Amino acid sequence: MSIEQLAETAQAMVAAGKGIIAIDESSSTCAKRFAGVGIDNTEENRRRYRELLLTTPKLSDYISGAILFDETIRQSTSDGVPFAKYMSQNGMIPGIKVDKGTHALAGCPGEVVTEGLDGLRDRLKEYYGLGARFAKWRAVINIGEDIPTGTCIEANAHALARYAALCQEQGLVPMVEPEVLMDGNHDIETCYDVTEATLRALFNALYEQNVLLEGTILKASMVIAGKDCPDQADVDEVAESTVMCLKSTVPSILPGVVFLSGGQTDEQSTAHLNAMNQLGNLPWPLSFSYGRAMQQAALKLWSQDLVGNFAKAQAIVYERAKENGLAALGKWEG
Ligand code: 13P
């Protein structure tokens, strides 16, 4: 796989006015989401739900690709078309979550490191064969008293860079995701400092591991106050802080940055993205790779009538994709 092909895929992922839908919840995370709305967490319900999302009519107007889970990339539509094939035929790039989740980081109480490097080369080979053209790895940085430590930030950055290098070797674009969590009562300045240190460590590690930035996408968390902070910043402050933090840490050669929603409401996630793009003069496209903020309204409606509300839920998915697609251009009007 040439760097030109990786760069082409990366650019297509952040094509103007398009973003990614993250539907890579593990079966246990899916269980939580389904339990919240009273749906049984069976394999068939997970398959049917992913089918609902991926076969939303005209989804590719605003969606360039989707991140799948291991189970999902092996599943098919009700007509028997493998999801990855269905996506390629309908103008969307299949992606795959390849990390094995977070585990307690020894020696660092309250902190986690993402695992999954063992055997990753072979798994990437298989996923490429199944149609995946990009892969995601999520690292998690907690903010709290005396954390994050430099040890945690470095360990996660190192793992992200090792994974990214393996992805490029196997022809997949790495979507590197260091998520600074919104949990806690920290203020926006603290989030800024932690995000800045995390991104700086990440890009140093990518350089050390010979990762080509032209064929890499950053999935970032926004610079935002903790959920329990009494002093919540307004939309413009979140947008300005996030863009300033990215500009000071992310090389301009990167093809694009997409955001996770991380527990923001649908409206917040769209308003923040829109405000960032309205600032203009950005070195890279800023778009979305939302999970909950793309899905939660549709999931709720579907749960009320799995047969009768299938198409209505798809209409909501399309609407959320459109709103976020417009926000990626700074053209969302609320
Ligand atoms: P949320 O948008 O729900 O945070 O999920 C995005 C994601 O892929 C987290 O890894």
Side-chain angles (χ1 to χ4, degrees), residues 13-14 19-34 36-37 49-50 53-54 62-73 92-103 112-116 132 134-143 156 159-160 163-164 173-184 191 195 198 202 217-224 226-227 238 242 256-273 276 286-300 316-317 320-321 323-325 327-328:
M13 289 164 67
V14 290
I20 306 277
I21 180 168
I23 62 166
D24 59 328
E25 298 83 6
S26 63
S27 301
S28 58
T29 301
C30 217
K32 274 187 239 161
R33 305 269 192 269
F34 278 8
V37 292
Y49 179 54
R50 266 63 182 257
L53 297 168
L54 292 172
Y62 302 104
I63 294 293
S64 58
I67 315 170
L68 309 177
F69 181 58
D70 180 78
E71 176 184 85
T72 319
I73 201 169
M92 293 179 284
I93 306 166
I96 181 78
K97 184 235 292 292
V98 300
D99 67 68
K100 298 245 175 184
T102 59
H103 296 261
V112 293
V113 66
T114 302
E115 296 188 357
F134 72 96
K136 182 193 102 168
W137 176 289
R138 172 174 175 259
V140 172
I141 306 295
N142 284 312
I143 299 180
N156 277 292
L160 274 163
Y163 129 86
V173 171
M175 177 189 269
V176 291
E177 180 184 14
E179 176 173 2
V180 176
L181 288 188
M182 281 172 67
D183 296 345
C191 181
T195 305
T198 301
L202 172 63
I217 294 288
L218 172 66
K219 177 159 176 167
S221 44
M222 296 183 197
V223 174
I224 190 166
K227 269 186 241 162
V238 171
T242 304
V257 180
V258 293
F259 292 99
L260 57 98
S261 60
Q264 297 182 38
T265 65
D266 291 4
E267 175 151 5
Q268 282 172 330
S269 66
T270 305
H272 288 147
L273 179 63
M276 285 187 247
L286 292 185
S287 190
F288 61 95
S289 173
Y290 296 155
R292 283 162 286 180
M294 272 296 305
Q295 297 181 42
Q296 54 207 2
L299 177 61
K300 193 168 171 201
I316 295 187
V317 175
R320 287 298 296 140
E323 290 179 325
N324 291 317

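Here the structure is a predicted model, which means the values were calculated and not measured. Just so you know, ligand 1 is whichever comes first in the structure, and atom 1 is the first atom listed for that ligand. Just so you know, residue 1 is the first one in the sequence shown, and it goes up from there.
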Notebook entry, point to check: When you measure from the side chain of Ser261 to the backbone N and O of Gln264, does any donor-acceptor pair fall under 3.5 Å?
Noted result: no

Notebook entry, point to check: Nearest to atom 5 (O) of ligand 1 by heavy atom, Gly263, Ser269, Gly291, Gly95: which?
Noted result: Gly291

Next item on the list: Find all atoms of ligand 1 within a distance of less than 4.0 Å from any non-hydrogen atom belonging to Tyr290, and give their numbers and elements.
Entry: 2 (O)

Checklist line | Side chain Glu323, main chain Arg320, donor-acceptor under 3.5 Å | finding: no

Next item on the list: List every atom of ligand 1 that sits less than 4.0 Å from any heavy atom of Ser261, numbering the atoms from 1 in the order shown and giving each element.
Entry: 1 (P), 2 (O), 3 (O), 4 (O)

Next item on the list: Please state whether Ser289 comes within less than 4.0 angstrom of ligand 1, counting heavy atoms only.
Entry: yes

Notebook entry, point to check: Do you know which two heavy atoms are closest between Asp24 and Arg50, and how far apart they sit?
Noted result: C-NH2, 4.3 Å

Next item on the list: Determine, using heavy atoms of Gly262 and all atoms of ligand 1, whether some pair is separated by less than 4.0 Å.
Entry: yes

Next item on the list: Indicate, as side chain, backbone, both or neither, the part of Ala22 found under 4.0 angstrom from ligand 1 when only non-hydrogen atoms are considered.
Entry: side chain

Next item on the list: Answer with yes or no whether the side chains of Asn324 and Thr270 bring together a donor and an acceptor at under 3.5 Å.
Entry: yes

Checklist line | Closest to atom 9 (C) of ligand 1 among Arg33, Lys97, Glu177, Gln264 (heavy-atom distance) | finding: Glu177

Item checked: Check: Met13 main-chain N/O paired with Ser64 side-chain donor or acceptor under 3.5 Å -> yes

Margin query: Between Glu177 and Lys136, does any side-chain N to carboxylate O distance fall below 4.0 Å?
Written below: yes

Next item on the list: Tell me, please: is Gln295 in heavy-atom contact with ligand 1, that is, under 4.0 Å?
Entry: no

Check: Should you measure from each heavy atom of Lys219, which atoms of ligand 1 turn up under 4.0 Å away?
Finding: 6 (C), 7 (C), 8 (O)

Next item on the list: Mark yes or no for whether Asp70, through its side chain, and Ile96, through its backbone, hold a donor-acceptor pair below 3.5 Å.
Entry: no

Next item on the list: Select one of side chain, backbone, both or neither to describe which atoms of Arg292 lie under 4.0 Å from any atom of ligand 1, heavy atoms only.
Entry: both

Checklist line | Met294 touching ligand 1 at heavy-atom level, < 4.0 angstrom | finding: no

